[in-house]
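Okay, structure first, notes after.
Quick caveat, the model's predicted, so the values are computed rather than measured. Order of the sequence lines sets the chain letters (A, B, ...), proteins ahead of strands, with each chain counted from 1.
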Amino acid sequence: MNVTRGFTGRPRVHRPGLPPGQYDAGDDWPVLSAEVTPDLAPADWTFRVDGLVEEDRTWTWEQAHALPGSVYEGDIHCVTSWSKFGVRFGGVSVDAFLDAVRPLPSATHAVAYSHTGYTTNLPLADLTGGKAWIAFTYDGRPLAPEHGGPARLLVPHLYFWKSAKWIAGLRLLDHDEPGFWEQNGYHARGNPWEEQRYSGD
Amino acid sequence: MTEISSPPAFTPPTRFAIPGRIAVTHQGASVWQTATLTEIRRETPRAATFRFAVPAWVGHVPGQHLQLRLTAEDGYTAQRHYSLASAPDDSGHIELTLDHVEGGEVSGWFHSEARPGDRVEVRGPVSGFFAWPGDRPALLIGAGSGVVPLMSMVRHHRARGLDVPLRLLVSARSPQELIYAREYGPETTAVFTRSAPAGMPVGRMTAAHLEPLLAEQPPGGWEAYVCGSNAFAEHATRLLVAAGQPVDRIRVERFG
Ligand SMILES: Cc1cc2nc3c(=O)[nH]c(=O)nc-3n(C[C@H](O)[C@H](O)[C@H](O)COP(=O)(O)OP(=O)(O)OC[C@H]3O[C@@H](n4cnc5c(N)ncnc54)[C@H](O)[C@@H]3O)c2cc1C
């Protein structure tokens, strides 16, 4: 262990639910995105699922909202070291979209992409079984543009760069394909509990 | 004979992408190394530059950042990202410039405790998205400590004697809070938001500050680099887009 002389850190109470190397950001919700926040009206937002599926499908804002609603209440973790406790997102489970397109048995991974062109890769298993959402609201209000509004992917059990803002679609693949940050050296999966920050972690 | 074919990578139907022309190494991204503090230079009442010896540093492209980790005696660690302030060189040294954030855990240690000889851990450089290798005309816009990665670019430009156009628009609260004030040359325009020298206007960066810079479009156009707090990044990128700068030629580094 490489102790830093004179560093004690902030007085801390052990916070259950805080992954290693993370701190509690409290009420703060830092914004980190590499691109210009797009000016994207709900009427112009669409969400498409294609690739290794029986039938491609694109949903409009209205059509996506006609699917059964689903809420996530819990924590989120950003690779830049902050975590946020007790957040509440409203949207639709990714399962509901996948059920409609019927993934082929060969589909193992997905690339999530944004209306900005941002991409991130995920094993399909991290998107199914009630673990991922297309989120439209935060704390009961429309999701702010800088946080990905009108709609973002939400995969709260992984570092937050996986939860692509301004989500435009999922392409199902039979292989893993690194996305934007993954090509920039970040970990392929990004599990905060295993501190999978950079490739090789 | 076996044929190895890899499926074509998926490109989404939009323009934003990692610049393929910028080759960065990710070699250092997963390995923690010891950085020994060799020098502390005060920049402003709130910001100081910390110079470190990192003998095995793999080098960086201006604009990249690193991850820094402090460890307490009980094993507790705090890690934060910091932009590289120094231009790449082969001296085995790197420099970071830290703002003293009120109540900040890591910047607080640096500003009140750190002294030459202290050791911290770093890994990187990380992320190539905000990097500028010096090959394209660059319009740099920063506020507060957001000028740090941009200064690495300016220093690189000077050290290499590059003649590719480079302009820096930097916003600070006052002349006293302008980081690297002594180092700016004719490439730089400063904007002061709270107090300014006599005869200079006080106020936020506006379209009028950008106009002359965007009017002198170099061949091929500017690559814009915006860095600072999220509020500043939102403001500056909105001005750029409104002034006609293509969104896929704007790179943004937000400090959170
Ligand atoms: C890519 C990137 C590059 C960056 N580059 C630079 C750079 O070049 N220079 C630079 O100065 N910064 C840079 N930053 C910001 C830097 O990473 C840190 O966020 C900054 O130094 C503050 O860290 P800290 O530990 O001092 O403050 P923190 O401890 O993180 O606190 C931040 C704020 O939150 C409050 N706070 C948080 N938790 C608590 C708590 N439990 N109790 C009380 N108060 C709390 C603090 O009072 C403070 O106001 C960069 C960030 C990113 C993402």
Side-chain angles (χ1 to χ4, degrees), chain A residues 1-10 12 20-23 25 28-39 48 51 78-82 110-119 121 145-146 166 168-169 171 173-175 177-181 183-187 197-201, chain B residues 6-7 9-18 24 26 29-32 34 67 69-81 103 105-106 108-109 113-115 117-121 123-124 126-130 226 230 233-234 237-238 240-241 247-248 250-256:
Chain A
M1 194 167 74
N2 288 299
V3 173
T4 315
R5 185 196 57 79
F7 176 70
T8 49
R10 192 172 270 139
R12 47 197 176 269
Q22 296 293 108
Y23 71 94
D28 276 3
W29 188 0
V31 174
L32 294 145
S33 32
E35 68 269 54
V36 174
T37 300
D39 205 355
R48 177 176 173 80
C78 175
V79 71
T80 62
S81 301
W82 56 267
V111 173
Y113 59 98
S114 297
H115 282 272
T116 59
Y118 174 84
T119 53
N121 54 315
E146 59 190 30
W166 315 296
R171 172 157 294 182
L173 306 171
D174 60 5
H175 61 280
E177 194 172 289
F180 178 80
W181 287 121
Q183 291 172 48
N184 264 295
Y186 284 67
H187 197 276
R197 298 176 193 273
Y198 296 100
S199 66
D201 276 352
Chain B
S6 56
F10 169 60
T11 314
T14 37
R15 296 177 297 169
F16 170 86
I18 300 181
V24 296
H26 299 126
S30 59
V31 190
W32 289 104
T34 300
Q67 199 182 358
R69 177 165 81 181
L70 304 183
T71 304
E73 263 176 35
D74 63 358
Y76 170 83
T77 60
Q79 40 197 342
R80 302 286 185 271
H81 284 125
E105 191 170 40
V106 172
W109 179 83
E113 191 67 45
R115 60 180 190 227
D118 281 343
R119 290 186 300 267
V120 302
E121 288 174 292
R123 63 178 185 174
V126 294
S127 178
F129 180 71
F130 199 71
V226 175
N230 178 58
E234 286 296 299
T237 54
R238 233 171 264 142
L240 278 171
V241 171
V247 284
D248 57 340
I250 303 174
R251 306 180 183 284
V252 191
E253 183 88 287
R254 300 167 202 255
F255 282 1

Test item: [X] and [Y] side chains (from C-beta on) under 4.5 Å apart, heavy atoms:
{"X": "A:Leu32", "Y": "B:His81", "result": "no"}
{"X": "B:Phe255", "Y": "A:Pro30", "result": "no"}
{"X": "B:Arg119", "Y": "A:Asn2", "result": "no"}

Do you know the tightest heavy-atom contact between [X] and [Y]?
{"X": "A:Val36", "Y": "B:Val252", "answer": "N-CG2, 4.1 Å"}
{"X": "B:Arg254", "Y": "A:Glu35", "answer": "NH2-O, 2.7 Å"}
{"X": "B:Gly103", "Y": "A:Arg10", "answer": "O-NH2, 2.7 Å"}
{"X": "A:Asp201", "Y": "B:Ser30", "answer": "OD1-CB, 4.1 Å"}
{"X": "B:Leu70", "Y": "A:Thr4", "answer": "CA-OG1, 3.4 Å"}

Could you tell me which portion of [X] (side chain, backbone, both or neither) has an atom closer than 4.5 angstrom to a non-hydrogen atom of chain A?
{"X": "B:Val31", "value": "neither"}
{"X": "B:Glu121", "value": "side chain"}
{"X": "B:Arg115", "value": "both"}
{"X": "B:Glu253", "value": "neither"}
{"X": "B:Ala233", "value": "neither"}

Rounded to the nearest 0.5 Å, what separation is found between the [atom1] atom of [X] and the [atom2] atom of [Y]?
{"X": "B:Ser127", "Y": "A:Phe180", "atom1": "OG", "atom2": "CZ", "result": "6.5 Å"}
{"X": "B:Arg123", "Y": "A:Tyr198", "atom1": "CZ", "atom2": "OH", "result": "6.0 Å"}
{"X": "B:Gln79", "Y": "A:Arg197", "atom1": "CD", "atom2": "CZ", "result": "4.0 Å"}

Exercise for the section: Just give me the residue among B:Val241, B:Thr237, B:Asn230 that pairs up with chain A most often, heavy atom to heavy atom, under 4.5 Å. Expected result: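 Heavy-atom pair counts peak at B:Asn230.
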Fill in the blank from the handout: Most heavy-atom pairs under 4.5 Å with chain A, out of B:Gly256, B:Ala114, B:Gly75, belong to B:Gly256
Problem - CD/B:Glu73: more than 12 non-hydrogen atoms of other groups inside 6.0 Å - result: no
Practice task
Taking atom CG of A:Asp28 as the centre, report whether more than 12 heavy atoms of other residues, nucleotides or ligands fall under 6.0 Å from it.
Solution key: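 Counting neighbours around CG of A:Asp28, more than 12 heavy atoms of other residues, nucleotides or ligands fall under 6.0 Å, so yes.
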Exercise for the section: Heavy-atom pairs under 4.5 Å with chain B are the metric here; pick the option from A:Gly200, A:Gly51, A:Ser33 that has the most. Expected result: A:Ser33
Practice task
Below 4.5 Å from any heavy atom of chain B, which atoms of A:Thr37 appear? Answer side chain, backbone, both or neither.
Solution key: both
Problem - Under 4.5 Å from any heavy atom of chain B - which part of A:Thr80 - result: both
Practice task
Just jot down the side chain to side chain contact (heavy atoms under 4.5 Å, CB included) partners of B:Thr77, sequence neighbours excluded, or say none.
Solution key: B:Arg69, B:Thr71
Practice task
Would you please classify the geometry between the B:Tyr76 ring and the A:Phe7 ring as parallel, tilted or perpendicular, with 30° and 60° separating the classes?
Solution key: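 Rings of A:Phe7 and B:Tyr76: parallel, under 30°.
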